[in-house]
Peer 1: 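Okay, here's the structure, questions in a sec.
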Amino acid sequence: MNKSLVILFLVLANLFWAGNYVFGKYVINEMSPIQLTFSRWLLATFLLIPIAHWIERPHWKQVWKQWKILWIMGVLGIISYNLLLYWALKYTTPLNAALVNSINPAVIVFFSAFLLRERISLKNGIGLLISLLGVLLVLTKGQLQEVLHLTYNKGDVLMIAAILVWTFYSIIGKKLKNIPPISGTSISVILGLITLLPFVLFSEFNYQLSNQAIIGILYIALFPSVGSFIFWNSSLRHINASQAGIYLNLIAVFTAILSLILGQTITLIQIVGGLLVFIGVYLSSQKAKLQSTNS
């Protein structure tokens, strides 16, 4: 695969993930976070498994032997992260959610250093602080002096919880080096759906959806859940994970563009905060080997 095609795949993967924030904001008005999470991954499963079998040709018995760790990853990355993301979108804007999520690669570097004793350089540390400053600017709307006294937007706080969940999901995922990524994700999705099913059965399920909501859930199931993952992992065969991680910053950029197209406003503080997050993530990701993706 030539370099141009690799870049195209990375750009498309992050464009689709950005759509998850924008479409999720609309769909969540008609579906509960549980219903949206369950519906999204149930539909995606019917594509993920055949695609995994066709592309990776896995030994499924070997994959299933790792069911315990795949179940934990399903609970964290498939259920918890998405529930927190869609719950957050009920209270905050897609752009704010994407900007907060942009600090994720830097947070993974920090926790890897803390939990896995991976070395963190001075440049990494400075990057973490810059990223944190950028997120605080977004959360406080520029009023940093009120950081200890401000009543934070519930959605922004939920997004912080979401990135912490994804951080542990990513770190645990390092233990599955011998499991094909799409196949491992497919099994994680199945185990996550089984775990979530009892909660779905006892929750309110809205079957009378508008055409807009139906289009939204189909988009989320097809593009962020399947398309992004395939494009991302195909690219990682030809580019270093730390280099690919820089492209994750495009999620916030594309979310901003889509938000503008849909008539939403973007503040100067969001722009400044976003730039600081991008700079910080770039610095903190230097020589980082951990792969970070949005499910």
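Just so you know, these numbers come straight off a predicted model, no measurement behind them.
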Peer 1: Quick one: pull up CG in Leu83 and CZ in Phe199 and give me the separation to the nearest 0.5 Å.
Peer 2: 9.5 Å

Peer 1: Less than 3.5 Å apart, any donor N or O on the side chain of Tyr81 or Asn101 sitting next to an acceptor on the other?
Peer 2: yes

Peer 1: Classify the ring geometry between Phe231 and Phe9 as parallel (under 30°), tilted (30 to 60°) or perpendicular (over 60°).
Peer 2: tilted

Peer 1: Arg40 versus Pro224: any side-chain heavy-atom pair under 4.5 Å?
Peer 2: yes

Peer 1: I want to check something: taking the side chain as every heavy atom from C-beta on, are Leu15 and Leu250 in contact at a cut-off of under 4.5 Å?
Peer 2: no

Peer 1: Under 4.5 Å between side-chain heavy atoms, counting indirect links through other Ile/Leu/Val/Met/Phe/Trp/Tyr residues: same cluster for Met159 and Leu258 or not?
Peer 2: no

Peer 1: If you take all heavy atoms of Ile190 and Thr45, which pair is closest and at what distance?
Peer 2: CG1-CG2, 4.1 Å

Peer 1: Could you go step by step and tell me if Thr93 and Tyr21 meet the side-chain contact (heavy atoms from CB on, under 4.5 Å) rule?
Peer 2: CA-CA 9 Å; Thr93 64; Tyr21 290 84; over 6 Å; no

Peer 1: At their closest point, which heavy atom of Ser32 faces which heavy atom of Glu204, and how far apart are they?
Peer 2: OG-O, 4.1 Å

Peer 1: Out of curiosity, Ile79 CD1 to Leu84 CG, how far, rounded to the nearest 0.5 Å?
Peer 2: 11.5 Å

Peer 1: Looking at Ser183, is its backbone amide N or carbonyl O close enough to the side chain of Glu56 to form a donor-acceptor pair, meaning the two atoms are under 3.5 Å apart?
Peer 2: yes

Peer 1: Do Val63 and Leu70 make a side-chain contact, defined as non-hydrogen atoms from C-beta onward lying under 4.5 Å apart?
Peer 2: yes

Peer 1: Grab the two heavy atoms, one from Ala252 and one from Leu99, that are nearest each other, plus how far apart they are.
Peer 2: CB-CD2, 3.9 Å

Peer 1: Under a 4.5 Å cut-off applied to non-hydrogen side-chain atoms, are Ser203 and Gln35 in contact?
Peer 2: no

Peer 1: Do Asn14 and Ser228 have side-chain heavy atoms sitting under 4.5 Å apart?
Peer 2: no

Peer 1: Ring centres under 6.0 Å, that's the criterion: do Tyr169 and Trp166 meet it?
Peer 2: yes

Peer 1: Within this structure, what is the CD1-CG distance for the pair Ile34 and Leu196, rounded to the nearest 0.5 Å?
Peer 2: 6.0 Å

Peer 1: Would Trp71 and Thr195 count as a side chain to side chain donor-acceptor pair (under 3.5 Å) if you check the C-alpha gap in whole Å, the side-chain angles of each, and the deciding distance to 0.1 Å?
Peer 2: CA-CA 9 Å; Trp71 174 74; Thr195 304; 2.8 Å; yes

Peer 1: Report the C-alpha distance between Phe254 and Trp17 in whole Å, list the side-chain angles of each, state the deciding distance to 0.1 Å, and finish with yes or no for side-chain contact (heavy atoms from CB on, under 4.5 Å).
Peer 2: CA-CA 9 Å; Phe254 285 136; Trp17 274 322; over 6 Å; no

Peer 1: Find the distance between CD1 (Ile78) and OG1 (Thr185) and round it off to the nearest 0.5 Å.
Peer 2: 6.5 Å

Peer 1: Any idea how Phe23 and Tyr219 line up, ring-wise: parallel (<30°), tilted (30 to 60°), or perpendicular (>60°)?
Peer 2: parallel

Peer 1: From Leu197 CG over to Leu42 CG, what is the distance, rounded to the nearest 0.5 angstrom?
Peer 2: 9.5 Å

Peer 1: Tell me whether Tyr91 is reachable from Leu36 by hopping between hydrophobic residues (I, L, V, M, F, W, Y) whose side-chain heavy atoms are closer than 4.5 Å.
Peer 2: yes

Peer 1: About how many Å separate CD1 of Ile171 and CE of Met73, when rounded to the nearest 0.5 Å?
Peer 2: 11.5 Å

Peer 1: Please find the pair of heavy atoms, one from Phe16 and one from Gly227, that lie closest to each other, and give the distance.
Peer 2: CD1-C, 4.2 Å

Peer 1: Would you indicate whether the side-chain heavy atoms of Tyr86 and Asn20 approach each other to under 4.5 Å?
Peer 2: yes

Peer 1: Checking Lys25 side chain against Leu89 main chain: does a donor-acceptor pair fall under 3.5 Å?
Peer 2: yes

Peer 1: Taking C-beta and beyond as the side chain, do Ser210 and Glu30 meet within less than 4.5 Å on heavy atoms?
Peer 2: yes

Peer 1: Tell me whether Trp67 at atom CH2 has more than 12 heavy atoms from other residues, nucleotides or ligands lying less than 6.0 Å away.
Peer 2: no

Peer 1: When you measure from the side chain of Thr92 to the backbone N and O of Ala97, does any donor-acceptor pair fall under 3.5 Å?
Peer 2: no

Peer 1: Is Ile215 close to Leu218 at the side-chain level, that is, under 4.5 Å between some pair of heavy atoms?
Peer 2: no

Peer 1: Which atom names give the shortest non-hydrogen contact between Asn2 and Leu5, and what distance separates them?
Peer 2: OD1-N, 2.8 Å

Peer 1: Is the backbone of Trp41 close enough, under 3.5 Å, to the side chain of Ser225 for a donor and an acceptor to pair up by distance?
Peer 2: no

Peer 1: Taking everything shown except Asn178 itself, do over 12 heavy atoms lie less than 6.0 Å from its CG?
Peer 2: no

Peer 1: In this structure, would Phe205 and Met31 fall into the same cluster of hydrophobic residues linked by side-chain contacts under 4.5 Å?
Peer 2: yes

Peer 1: If every non-hydrogen atom of Ile251 is compared with every non-hydrogen atom of Ala18, which pair is closest and at what distance?
Peer 2: O-CB, 3.5 Å

